[in-house]
Amino acid sequence: MTKFSHRVEQVSISGIREVFEAAGDDAINLGLGQPDFPTPDHARQAAIEAIESGATDGYTSNKGTRELREAISAKYDRDYGLEVRPEDAIATSGGSEALHLALEAHVDPGEEVIFPDPGFVSYDALTRIAGGTPKPVSLREDLTVDPAAVEAAITDDTAAFVVNSPANPTGAVQSEDDMREFARIADEHDVLCISDEVYEHIVFDGVHRSPLEFSTSGNVVVVSACSKSYSMTGWRLGWVVGPNDRIERMLRVHQYAQACASAPAQYAAEAALAGPQDCVEEMVSAFERRRDVVLDGLADAGLEVPTPNGAFYAMPKVPDGWCEEVIDRGVVVVPGEAFGEQGAGYARLSYATGMEELKEALEIIGDATRAVQ
């Protein structure tokens, strides 16, 4: 009998999924990283019109439609003053595929990939699937990544390091000085920096900056998506941008694994990126109001939590048995260890849900906290 690959045997089902399956059908879900807003009307309508016209009946270019890549290019000029040519972008099946392409194209078996711990669950799993060796680094007290810790972790076997800001699961936003340092580290050590910027527009305090702005060596690639900023998680449309030689190598993986991103989703994404952005501003304002309610509720419960400056997650420190008690009472939260060994003693809460549900959940959390203290 053919055995399973060592790469796959090293990867298990996400701890987030395990929590969902253990919760009751009527539970309040603070575990899901999915905005509760509808996809903007102009994005939906663009997909409908493309379908009805027959424009989506065939494959697109492997990299994606020219129009979508032009919209991605214009977005980087508009948001960051960066020149990203349409030729230097690939439309992908969500940010997850973009991460997969970046790692598959740059990591040889046994090479190391540095990433935050706690950090997004895909970093460890996709590193292993690429045959690489995960090398997590601990966070500062405010749950940001210290560039000095990344630099200290680099060895001759390091292929890449991952930066995620705003971050999942912490909601932390890296400073401009940090991003400049990450770019310098990539340049001086000739190591790839993969910047995961899927939450780039969901910032409450400060300003999102990208290491791509400060790199001089072509050692930065950026992963992003429509999923969070435009409430398009189900459309599965992301992208990766970077120097053309890196894009062409990632394309070799993409064209065989995926061929092209979903055509209807590409038309929706083009409209989302090129159309009015007030929908994004409205969602961010709503998330900020929810964040403040969550922080107040957690403080009232006696829990310590660093203030998240972006995304839609909070990561409080919690006592032993807290997650189980909260879940048993009907509120889904994710234990911090699902995001890495250093996540033990924390829990992730998503506030991408309605205000009334949040308030109800916080009352339950208060009762659960008192029960385990």
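Below, all heavy atoms of this structure are taken into account, side chains as well, without hydrogens, waters or symmetry copies. Computed from a predicted model, the values in this text were never measured in an experiment.
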Q.
Applying salt bridge (charged side-chain N to carboxylate O under 4.0 Å, His left out) to Asp245 and Arg249, what does each step give before you reach the verdict?
A. CA-CA 7 Å; Asp245 58 344; Arg249 269 60 174 194; 5.5 Å; no

Q.
Run Ser262 and Trp235 through side-chain hydrogen bond (donor to acceptor under 3.5 Å, both in side chains) and show every step you take.
A. CA-CA 8 Å; Ser262 161; Trp235 294 83; over 6 Å; no

Q: List the steps, then state whether side-chain contact (heavy atoms from CB on, under 4.5 Å) holds for Thr127 with Lys135.
A: CA-CA 9 Å; Thr127 295; Lys135 197 165 186 181; over 6 Å; no

Q. Does the side-chain hydrogen bond (donor to acceptor under 3.5 Å, both in side chains) test come out yes or no for Thr133 and Asp157, once each step is laid out?
A. CA-CA 9 Å; Thr133 300; Asp157 294 323; over 6 Å; no

Q) Run the salt bridge (charged side-chain N to carboxylate O under 4.0 Å, His left out) check on Lys63 and Asp88 step by step: do they pass? A) CA-CA 9 Å; Lys63 286 184 177 180; Asp88 298 339; 5.6 Å; no

(Q) salt bridge (charged side-chain N to carboxylate O under 4.0 Å, His left out) for Glu248 and Arg252? Distances and angles first, verdict last. (A) CA-CA 7 Å; Glu248 292 302 320; Arg252 297 178 189 180; over 6 Å; no

Q) Between Thr144 and Asp142, is a side-chain hydrogen bond (donor to acceptor under 3.5 Å, both in side chains) present by the stated rule, with each step listed? A) CA-CA 6 Å; Thr144 59; Asp142 66 356; 2.6 Å; yes

**Q.** Gln342 vs Val137, side-chain contact (heavy atoms from CB on, under 4.5 Å): CA-CA, chis, key distance, verdict
**A.** CA-CA 9 Å; Gln342 299 304 315; Val137 294; over 6 Å; no

Q | Stepwise side-chain contact (heavy atoms from CB on, under 4.5 Å) check, Ser195 with Val221 | A | CA-CA 6 Å; Ser195 185; Val221 298; over 6 Å; no

Q. Could you walk me through whether Glu141 and Lys317 pass the salt bridge (charged side-chain N to carboxylate O under 4.0 Å, His left out) check?
A. CA-CA 11 Å; Glu141 280 298 309; Lys317 293 181 179 180; 3.7 Å; yes

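With sequence neighbours left out, Arg290 forms a side-chain contact (heavy atoms from CB on, under 4.5 Å) with Asp36, Phe37, Phe287, Tyr351, Met355, Leu358. For Ala125, the side-chain contact (heavy atoms from CB on, under 4.5 Å) partners two or more places apart in sequence, or in a different chain, are Val11. Residues satisfying the side-chain contact (heavy atoms from CB on, under 4.5 Å) criterion with Ala149, sequence neighbours excluded, are Asp146.
Taken together through direct or relayed side-chain contacts under 4.5 Å among Ile, Leu, Val, Met, Phe, Trp and Tyr, Phe120 and Val203 form parts of separate hydrophobic clusters. Both Val222 and Ile202 belong to a single network of hydrophobic side chains, linked directly or stepwise wherever heavy atoms of I, L, V, M, F, W or Y lie under 4.5 Å apart. Val121 and Phe161 end up in the same hydrophobic cluster when Ile, Leu, Val, Met, Phe, Trp and Tyr side chains are linked at under 4.5 Å. Val223 and Val173 are not part of a single hydrophobic cluster, where members link through side-chain heavy atoms under 4.5 Å apart. Using a 4.5 Å cut-off between side-chain heavy atoms of Ile, Leu, Val, Met, Phe, Trp and Tyr, with links allowed through other members, Val333 and Val372 fall into the same hydrophobic cluster.
Counting heavy atoms of neighbouring residues, nucleotides and ligands inside a 6.0 Å radius, atom CZ of Arg236 exceeds 12 of them. Within 6.0 Å of CG in Asp41 there are 12 or fewer heavy atoms belonging to other residues, nucleotides or ligands. No more than 12 heavy-atom neighbours from other residues, nucleotides or ligands sit within 6.0 angstrom of CD on Glu83. More than 12 heavy-atom neighbours from other residues, nucleotides or ligands sit within 6.0 angstrom of CD on Glu87.
Of the inter-residue distances, the one linking Ile247 atom CD1 with Leu101 atom CG reads 9.0 Å to the nearest 0.5 angstrom. Expressed to the nearest 0.5 Å, how far CG of Asp190 lies from OG of Ser217 amounts to 6.5 Å. Between Leu362 atom CG and Asp367 atom CG the span is 11.0 Å, to the nearest 0.5 Å. Taking CG of Asp178 as the start and OG of Ser175 as the end, the distance is 3.5 Å to the nearest 0.5 Å. Between Ile28 atom CD1 and Lys359 atom NZ the span is 13.5 Å, to the nearest 0.5 Å. The distance from the OG atom of Ser61 to the CD1 atom of Ile90 is 9.5 Å, given to the nearest 0.5 Å.
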Return a table of donor-acceptor pairs under 3.5 angstrom between the side chains of residues 292-308 and protein atoms on other chains or two or more places apart.
none

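Among Glu197, Glu176, His201, Gln174, the single residue meeting the side chain to side chain donor-acceptor pair (under 3.5 Å) criterion with His208 is Glu197.
Contact check for Pro35 versus Thr233: side-chain heavy atoms found under the 4.5 Å cut-off. By the 4.5 Å heavy-atom criterion applied to side chains, His254 and Val240 are not counted as neighbours. Considering only heavy atoms from C-beta on, Leu139 comes within 4.5 Å of Thr170 through its side chain. For the pair Arg184 and Phe214, the minimum side-chain heavy-atom distance is 4.5 Å or more. Side chains of Tyr346 and Leu143 form a contact here, defined as non-hydrogen atoms less than 4.5 Å apart. In this structure, Val84 and Val241 have side chains that are in contact, with non-hydrogen atoms separated by less than 4.5 Å.
Ion pairing between Arg209 and Asp79 fails under the 4.0 Å rule for side-chain N and carboxylate O. Using a cut-off of 4.0 Å between Lys/Arg side-chain N and Asp/Glu carboxylate O, Glu70 and Lys75 are scored as not salt-bridged.
In the model, Thr155 has a side-chain atom that pairs as donor or acceptor with a side-chain atom of Glu112 under 3.5 Å. In summary, the side chains of Asp117 and Ser138 do not present any donor paired with an acceptor at a separation below 3.5 Å, with no hydrogens or angles considered. Of the N and O atoms on the side chains of Arg246 and His106, at least one donor lies less than 3.5 Å from an acceptor on the other residue. Judged by distance alone, the side chains of Ser93 and Gln258 do bring a donor and an acceptor atom under 3.5 Å apart.
Aromatic ring pairs are classed by plane angle as parallel below 30°, tilted from 30° to 60° and perpendicular above 60°; the pair Tyr76 and Tyr80 is tilted. Below 30°, between 30° and 60°, or above 60°: for Tyr123 and Phe115 the angle between ring planes is between 30° and 60°, a tilted geometry.
Within the structure, the side-chain hydrogen bond (donor to acceptor under 3.5 Å, both in side chains) test picks out the following pairs touching residues 267-286 (sequence neighbours left out): Tyr230-Gln277. Among residues at least two apart or in separate chains, there is no salt bridge (Lys or Arg N to Asp or Glu O under 4.0 Å) pair with a member in residues 44-61.
Not a single donor-acceptor pair under 3.5 Å links the side chain of Ser229 to the backbone N or O of Cys226. Checking side-chain atoms of Asn62 against main-chain N and O of Ala259 turns up a donor-acceptor pair under 3.5 Å.
Ring centers of Tyr199 and Tyr313: under 6.0 Å apart, within the cut-off.
Of all heavy-atom pairs spanning Gly58 and Ala263, the tightest one is O-CB, 4.3 Å.
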